[in-house]
Amino acid sequence: MDSASDSFPRSESFPSPFPFVLVLLRRMADHQPGLVEDALRELGFGRSVMREANRRWQAMRRSPRRRSAVAHYRAVLGPPESTSTRRIGDLTCEALSWSVPLWPDLRFEVLTAPNGAVWNEWLVRAPGASGPALRTAADLVPWSCTVDEVARAFAPARPMEGSAPTRWRLAFDAPDPQNGELRHWVAEFTWGLLQRVENVRPASPTD
């Protein structure tokens with residue numbers, strides 16, 4: 001049974017809108033339960049509040065009422081911190097971003113098509129913020145970098161199918177931190193943030 005820390009302060013009921021960071025953490029708990037527990041303590045919430053926030057978010061997304069996906073984010077996160085137009089190949093999309101607790105150097109970004117459909121939803125580095133220096137696999141610390149930062153640092157990285165819509169996987173070659181040997185690695189991301197890295201095998205000279 002969860003402790004009393006699993007509720008909001010007695011003067012408050014479950015807030016609406018709820019803190020969206022709890023939805024992000026719920027997915028990350030599958031890979032990094034220890035980091036999530038630390039984050040919940042820092043935020044002053046418990047596991048049951050996190051689960052309830054995720055339940056409400058899923059119910060909102062599955063509601064039969066006609067409402068755009070972006071409207072769901074606006075309802076929970078409020079007005080975006082920034083909005084910009086972005087070109088991806090021959091397509092033009094709108095990028096909306098919000099700041100979130102825990103990661104002041106990151107932003108939650110939603111990319112939308114001209115018809116309002118959401119193309120992507122993930123954590124990215126905030127404009128002007130410096131990401132970590134990524135040279136070997138030892139630099140790939142959970143929650144330290146985003147999927148696009150890893151892809152750039154260890155290009156050419158190969159995208160792989162994730163286990164859920166909010167998860168990504170990248171396969172790439174990077175030096176082993178112990179001996180400098182080039183090896184194959186697979187990194188897993190949730191909401192665009194690094195969760196874990198697995199050493200697959202030594203890289204072949206012919207790869």
Side-chain angles (χ1 to χ4, degrees), residues 20-36 39 50 54 57-58 61-62 69-70 72-73 86-91 93-97 100 102-103 105-113 117-126 129-207:
F20 184 70
V21 68
L22 296 176
V23 177
L24 303 181
L25 290 174
R26 176 64 187 87
R27 284 292 188 184
M28 295 180 189
D30 294 335
H31 290 322
Q32 292 293 338
L35 289 178
V36 169
M50 177 181 68
N54 186 67
W57 173 251
Q58 297 301 328
R61 294 290 296 265
R62 296 166 182 163
V70 172
H72 295 315
Y73 285 112
R86 189 174 302 172
R87 294 283 296 180
I88 301 179
D90 295 332
L91 302 175
C93 66
E94 186 178 41
L96 301 90
S97 67
V100 291
L102 296 177
W103 303 290
D105 288 343
L106 300 178
R107 295 293 182 269
F108 184 73
E109 180 184 80
V110 176
L111 297 178
T112 66
V118 170
W119 281 347
N120 209 353
E121 43 201 337
W122 59 359
L123 291 164
V124 298
R125 190 68 52 184
S130 299
L134 303 177
R135 300 183 181 90
T136 74
D139 300 319
L140 298 174
V141 178
W143 291 17
S144 69
C145 49
T146 63
V147 63
D148 59 318
E149 290 171 335
V150 175
R152 289 197 304 267
F154 302 108
R158 180 169 61 89
M160 301 173 66
E161 186 177 356
S163 58
T166 58
R167 293 177 180 167
W168 293 264
R169 300 172 74 210
L170 281 182
F172 55 91
D173 292 344
D176 188 300
Q178 301 298 322
N179 54 27
E181 178 185 5
L182 197 64
R183 301 184 69 88
H184 280 305
W185 307 83
V186 173
E188 297 192 48
F189 303 82
T190 300
W191 295 104
L193 193 63
L194 178 66
Q195 301 299 309
R196 63 186 181 186
V197 181
E198 178 185 9
N199 176 213
V200 181
R201 59 181 172 83
S204 169
T206 60
D207 285 345

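Both backbone and side-chain heavy atoms feed into the values below; hydrogens, waters and symmetry mates do not. Numbering of residues begins at 1 and proceeds along the displayed sequence.
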Looking at every heavy atom in both [X] and [Y], which two are closest together, and how far apart are they?
X	Y	value
A187	V197	CB-CG2, 4.1 Å
A95	R86	CB-NH2, 3.6 Å
A157	L170	CB-CD2, 4.2 Å
E149	P132	OE1-CD, 4.1 Å
P177	A137	CD-CB, 4.0 Å

Going from [atom1] on [X] to [atom2] on [Y], what distance comes out if it is rounded to the nearest 0.5 angstrom?
X	Y	atom1	atom2	value
T136	Q178	OG1	CD	9.5 Å
L194	D139	CG	CG	11.0 Å
L96	E109	CG	CD	8.5 Å
T166	R27	OG1	CZ	4.5 Å
D173	W185	CG	CH2	10.5 Å

According to salt bridge (Lys or Arg N to Asp or Glu O under 4.0 Å), who are the partners of [X], at least two apart in sequence or on a separate chain?
X	result
R152	D148
R87	none
R196	E188
D30	R26, R167

Contacts of type side-chain contact (heavy atoms from CB on, under 4.5 Å), residue [X], not counting sequence neighbours:
X	answer
V186	M160, R169, A171, V200
N179	D176, E181
S97	S82, R107
L35	Q32, P142, W143

Got a sec, which residues hit ring pair (Phe, Tyr, Trp, His ring centres under 6.0 Å) with F189, two or more places apart in sequence or on another chain?
->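 Result, ring pair (Phe, Tyr, Trp, His ring centres under 6.0 Å) vs F189: none returned.
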
Who are the ring pair (Phe, Tyr, Trp, His ring centres under 6.0 Å) partners of W122, not counting sequence neighbours?
->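 Here the qualifying residues are W168.
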
Donor-acceptor contact present, side-chain N199 to main-chain H184, <3.5 Å |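 Side chain of N199 to backbone of H184: a pair is present.
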
Heavy-atom check, side chain of [X] versus side chain of [Y], under 4.5 Å:
X	Y	value
Q58	N54	yes
L182	P175	yes
C145	L134	yes
L22	W57	no
L24	W103	yes
V100	L123	yes

Output, in order, the C-alpha distance, side-chain angles, deciding distance and verdict of side chain to side chain contact (heavy atoms under 4.5 Å, CB included) for M50 and V36.
-> CA-CA 10 Å; M50 177 181 68; V36 169; 3.9 Å; yes

For R158, check side chain to side chain donor-acceptor pair (under 3.5 Å) against everything at least two apart and list the hits.
->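 Applying side chain to side chain donor-acceptor pair (under 3.5 Å) to R158 gives none.
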
For residues 148-167, which residue pairs qualify under ring pair (Phe, Tyr, Trp, His ring centres under 6.0 Å), counting only residues two or more places apart or in two chains?
->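 Non-adjacent pairs meeting ring pair (Phe, Tyr, Trp, His ring centres under 6.0 Å): F154-F172.
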
